[in-house]
Peer 1: 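Pasting a structure below so you can have a look.
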Amino acid sequence: MEPVIYINNLDHYFGKGALRKQVLFDINLEINIGEIVIMTGPSGSGKTTLLTMCGGLRSAQSGSLKVLGTELCGASAKQLTISRRHHGYIFQAHNLHESLTALQNVKMGLELHPDISVAEMNQRSIEMLELVGLGDRVNYLPENLSGGQKQRVAIARALVSQPKILLADEPTAALDKQSGRDVVDLMHKLAKEQDCTILLVTHDNRILDVADRIIYMEDGRLAKAPDLQKVS
Ligand SMILES: Nc1ncnc2c1ncn2[C@@H]1O[C@H](COP(=O)(O)OP(=O)(O)OP(=O)(O)O)[C@@H](O)[C@H]1O
């Protein structure tokens, strides 16, 4: 079966002219359907850059980056927008709209899907909030929710459209130990139920056990994780 994410000889540069700086070097990676891959590594090593490229949030310039069979390297803005419909995103700071209720925030996860009626959007969003244990908080504003609850709303928003790929950048960074664990377990459970592939960037060693595979980024290159090097 074709990998969900296929990356071959991918390089990436920021800036132009004298300020041009290479931040990704010859990345090669395949991620299969339903796999949970955690990407870790030092700050500034390029993890978020790679994640946003996989998500079609940043265009790829050199090499090959295929997501769900579509080549994103050199893709137009329109093609990237289409590609984004298949993804859910979760960020460190939940990124909820403070003036919108939990339900309204989750419904935004269906915004790119004009084929779904308003009634169905409501129903699916409420069901999703129930699944993340917030059925009694649908009309709450983010300011009245705890950090863990806000992140659960973000998970509901990311998964309400049943995306094929879930991209998460430091989803537990702002959470205490137990909330972080709960959030990751929930992502894991829901993604497995929906056969969703997860690529998750984290510095949080407490959640590494959720991964099927851990990859390590250093200075813009995929490298062997330090503990593996010690063993070999
Ligand atoms: N928009 C940008 N313009 C120029 N340089 C950038 C931009 N975004 C990131 N960089 C640089 O690219 C490199 C990789 O950054 P990136 O955010 O991908 O690293 P990271 O591994 O995710 O770091 P962290 O763990 O701190 O989030 C860094 O040197 C960073 O300064």
Side-chain angles (χ1 to χ4, degrees), residues 4-31 35-67 72-77 79-81 83-84 87-96 147 150-151 154-155 158 165-177 179-181 183-184 187 197-229:
V4 174
I5 297 176
Y6 169 86
I7 304 176
N8 190 238
N9 301 134
L10 185 74
D11 296 328
H12 190 71
Y13 301 81
F14 281 118
K16 288 203 168 73
L19 295 175
R20 192 167 190 250
K21 180 184 163 207
Q22 186 165 3
V23 295
L24 294 182
F25 297 81
D26 194 23
I27 304 291
N28 293 285
L29 178 67
E30 291 184 12
I31 301 179
E35 223 186 341
I36 299 186
V37 175
I38 286 188
M39 178 160 45
T40 182
S43 189
S45 57
K47 305 180 297 297
T48 297
T49 304
L50 184 59
L51 189 81
T52 50
M53 287 169 78
C54 291
L57 297 168
R58 186 183 293 293
S59 62
Q61 306 146 343
S62 160
S64 178
L65 167 62
K66 281 191 194 167
V67 178
L72 296 188
C73 193
S76 66
Q79 285 168 320
L80 291 180
T81 305
S83 159
R84 288 200 287 269
H87 311 148
Y89 301 92
I90 299 172
F91 300 100
Q92 168 178 345
H94 56 79
N95 285 55
L96 299 182
K150 282 190 260 205
Q151 200 59 307
I155 291 179
I165 302 175
L166 177 63
L167 301 165
D169 200 352
E170 300 279 7
T172 61
L175 303 179
D176 62 59
K177 186 176 174 193
S179 309
R181 170 48 59 187
V183 157
V184 165
M187 271 169 59
T197 302
I198 299 184
L199 178 57
L200 188 160
V201 167
T202 191
H203 288 113
D204 186 350
N205 290 335
R206 301 171 305 192
I207 64 168
L208 296 182
D209 60 301
V210 81
D212 295 318
R213 180 156 52 116
I214 297 170
I215 58 176
Y216 184 76
M217 179 85 91
E218 193 169 52
D219 296 334
R221 298 173 198 272
L222 284 180
K224 270 191 172 180
D227 54 341
L228 295 178
Q229 278 168 341

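Note that ligands are numbered from 1 as they come in the structure, with each ligand's atoms numbered from 1 the same way.
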Peer 1: Are side-chain heavy atoms of Met217 and Ile27 found at a separation under 4.5 Å?
Peer 2: yes

Peer 1: Please check whether Ser45 reaches ligand 1 - meaning an N/O of the residue sits under 3.5 Å from an N/O of the ligand, judged on distance alone.
Peer 2: yes

Peer 1: By the definition side-chain contact (heavy atoms from CB on, under 4.5 Å), identify the one residue from Val67, Thr197, Leu166 that meets it with His87.
Peer 2: Val67

Peer 1: Suppose I only count heavy atoms of His203 and a 4.0 Å limit; which atoms of ligand 1 are within that range?
Peer 2: 25 (O)

Peer 1: If I apply the N/O under 3.5 Å rule, does Phe14 come out as touching ligand 1?
Peer 2: no

Peer 1: Atom 18 (O) of ligand 1: which of Thr52, Thr49, Leu50 has the nearest heavy atom?
Peer 2: Thr49

Peer 1: Kindly indicate whether the side chain of Leu10, heavy atoms from C-beta on, has any atom under 4.5 Å from the side chain of Met53.
Peer 2: yes

Peer 1: Is it true that Arg206 and Asp204 make a salt bridge, defined as a side-chain N closer than 4.0 Å to a carboxylate O?
Peer 2: yes

Peer 1: What I'd like to find out is whether the side chain of Arg213 reaches to under 4.5 Å of the side chain of Ile31, using heavy atoms alone.
Peer 2: yes

Peer 1: For ligand 1, is Lys21 a contact, meaning one of its heavy atoms is under 4.0 Å away?
Peer 2: yes

Peer 1: Would you tell me which option among Ala173, Gly44, Gly46 has the nearest heavy-atom contact to atom 23 (O) of ligand 1?
Peer 2: Gly44

Peer 1: Does any N or O of ligand 1 fall below 3.5 Å from an N or O anywhere on Gly41, backbone included?
Peer 2: no

Peer 1: Which atoms of ligand 1 sit under 4.0 Å from any heavy atom of Pro42?
Peer 2: 21 (O)

Peer 1: Flag the pair Ile155 / Pro171 as yes when at least one side-chain heavy-atom distance between them is below 4.5 Å, and no otherwise.
Peer 2: no

Peer 1: In the protein, which heavy atom is nearest to atom 21 (O) of ligand 1, and how far is it?
Peer 2: Lys47 NZ, 2.7 Å

Peer 1: If we count only non-hydrogen protein atoms and require a distance under 4.0 Å, does atom 13 (C) of ligand 1 qualify as touching the protein?
Peer 2: yes

Peer 1: Could you check Glu35 against Glu30 for side-chain contact (heavy atoms from CB on, under 4.5 Å), going step by step and ending with a plain yes or no?
Peer 2: CA-CA 10 Å; Glu35 223 186 341; Glu30 291 184 12; over 6 Å; no

Peer 1: Side chain, backbone, both or neither: which part of Thr48 has a heavy atom under 4.0 Å from ligand 1?
Peer 2: both

Peer 1: Which residue and non-hydrogen atom of the protein lie closest to atom 26 (O) of ligand 1, and at what distance in Å?
Peer 2: Ser43 OG, 2.5 Å

Peer 1: With a 4.0 Å cut-off on N to O distance, would you call Asp209 and Arg181 a salt bridge?
Peer 2: yes

Peer 1: At a 4.0 Å cut-off, with the gap strictly under it, does some heavy atom of Gly15 reach an atom of ligand 1?
Peer 2: no

Peer 1: Hey, is Met217 one of the residues with a heavy atom under 4.0 angstrom from ligand 1?
Peer 2: no

Peer 1: Is the shortest heavy-atom distance from the side chain of Leu72 to the side chain of Gln79 under 4.5 Å?
Peer 2: no

